[in-house]
Amino acid sequence: QLEQSGGGFVQAGGSLRLSCAASGRTSSRPTIGWFRQAPGKEREIVAAIGMAWGGDQTFLDPSVKDRFTISRDNLATTVILQMNNLNPDDTAVYYCAARRVSEPAYALSESEYTYWGQGTQVTVSS
């Protein structure tokens, strides 16, 4: 089960923080992807974190690489998407998703994720 929190409304240049808490039958370090879907557009990946070569590996889409960060909190089962310098193009519903325990590496395709959060709206005004 994934529980999302955060999001909301912010002016351009502002920051928001999204959290995704995994519970139930989950890895101690779940593999999480953040996706977003803007009105009239397909859902796209924004960031991901997973395990590889004994440690966390992360991915950030080039469109957000200099503005967003993805990390785990102290519990490791909660993944944070810190979004800075937001612009109107970031307006979307943001979803977190988790892969199965047997799939520790992150993936870029939404079809690779099994469990999904409820989604949270992020609105950036110009």
Side-chain angles (χ1 to χ4, degrees):
Q1 183 177 352
L2 300 177
E3 184 69 28
Q4 294 182 225
S5 60
F9 181 92
V10 68
Q11 291 187 331
S15 297
L16 286 173
R17 173 182 162 113
L18 302 181
S19 295
C20 178
S23 61
R25 298 179 63 184
T26 180
S27 163
S28 59
R29 305 185 75 83
T31 302
I32 299 289
W34 281 99
F35 295 78
R36 66 185 180 187
Q37 187 167 22
K41 295 186 177 181
E42 293 186 353
R43 191 153 54 185
E44 62 180 6
I45 190 162
V46 176
I49 187 167
M51 292 290 292
W53 301 295
D56 276 336
Q57 301 294 319
T58 60
F59 166 82
L60 290 167
D61 186 83
S63 66
V64 305
K65 192 171 186 177
D66 296 328
R67 302 182 293 120
F68 293 10
T69 60
I70 185 170
S71 62
R72 301 184 190 277
D73 75 354
N74 291 339
L75 291 177
T77 51
T78 296
V79 172
I80 307 298
L81 184 67
Q82 178 66 43
M83 306 184 295
N84 300 323
N85 194 20
L86 286 158
N87 62 62
D89 289 339
D90 297 315
T91 295
V93 177
Y94 283 71
Y95 299 89
C96 69
R99 304 194 76 192
R100 292 189 179 93
V101 173
S102 59
E103 298 166 333
Y106 71 72
L108 302 185
S109 171
E110 61 178 280
S111 65
E112 300 286 344
Y113 291 83
T114 303
Y115 310 100
W116 288 82
Q118 76 273 25
T120 187
Q121 178 69 45
V122 170
T123 303
V124 185
S125 67
S126 58

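Numbers here simply count residues along the sequence, with the first being 1.
R99 places a side-chain N or O within 3.5 Å of a backbone atom of E112 that can act as its donor or acceptor partner. In this structure a side-chain-to-backbone donor-acceptor pair under 3.5 Å is missing from T78 to D73.
In this structure, the side chains of P30 and T77 come closer than 4.5 Å at one or more pairs of heavy atoms. For the pair Q4 and L18, the minimum side-chain heavy-atom distance is 4.5 Å or more. By the 4.5 Å heavy-atom criterion applied to side chains, R67 and D90 are counted as neighbours. Side-chain contact between R36 and V122 is absent, with no heavy-atom pair separated by less than 4.5 Å. In this structure the side chain of D56 reaches within 4.5 angstrom of the side chain of M51, judged on heavy atoms.
From T31, atom OG1 reaches atom CD of Q57 across 11.0 Å, with rounding to the nearest 0.5 Å. The CD atom of Q118 sits 7.0 Å away from the SG atom of C96 when rounded to the nearest 0.5 Å. Distance check: L81 CG to L60 CG gives 8.0 Å after rounding to the nearest 0.5 Å.
Both V46 and V10 sit in one connected hydrophobic cluster of ILVMFWY residues. Membership requires side-chain heavy atoms under 4.5 Å apart, directly or through other members. Under the 4.5 Å side-chain heavy-atom criterion for ILVMFWY residues, a single connected hydrophobic cluster contains both Y115 and I70. Both I45 and Y106 are members of a single hydrophobic cluster when ILVMFWY side chains are connected at heavy-atom separations under 4.5 Å.
For Q1, the CD atom sits in a loose shell: 12 or fewer heavy atoms of surrounding residues, nucleotides or ligands are nearer than 6.0 Å. At most 12 heavy atoms of other shown residues, nucleotides or ligands fall within 6.0 angstrom of atom CD in Q11. For R100, the CZ atom is loosely surrounded, since the number of other residues' heavy atoms within 6.0 Å does not exceed 12.
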(request) Check the pair D61, E44 against side-chain contact (heavy atoms from CB on, under 4.5 Å), reporting the backbone distance first and the verdict last. (result) CA-CA 9 Å; D61 186 83; E44 62 180 6; 5.9 Å; no
(request) Apply the test side-chain contact (heavy atoms from CB on, under 4.5 Å) to residues V124 and M83: give CA-CA distance (whole Å), side-chain angles for both, the deciding distance (0.1 Å), then the verdict. (result) CA-CA 11 Å; V124 185; M83 306 184 295; over 6 Å; no
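Counting only N and O atoms by type, the side chains of Q121 and T123 include a donor and acceptor under 3.5 Å apart.
Closest of all the heavy-atom pairs between P104 and S102 is CD-O, 3.3 Å. Pairing each heavy atom of T120 with each of G6, the nearest pair is OG1-O, 3.0 Å. Contact record, L16 with G8: CD1-O, 3.9 Å, taken as the closest heavy-atom pair. When every heavy atom of A98 is checked against every heavy atom of L2, the shortest pair comes out as N-CD1, 3.6 Å. Nearest approach of S126 to A12, heavy atoms of both residues: CA-CB, 4.3 Å.
The aromatic rings of F35 and Y113 lie perpendicular to each other, with more than 60° between the two planes, well past the 30° mark. In this pair, Y95 and W116 present their aromatic rings perpendicular. The plane angle is above 60°, beyond the 30 to 60° band.
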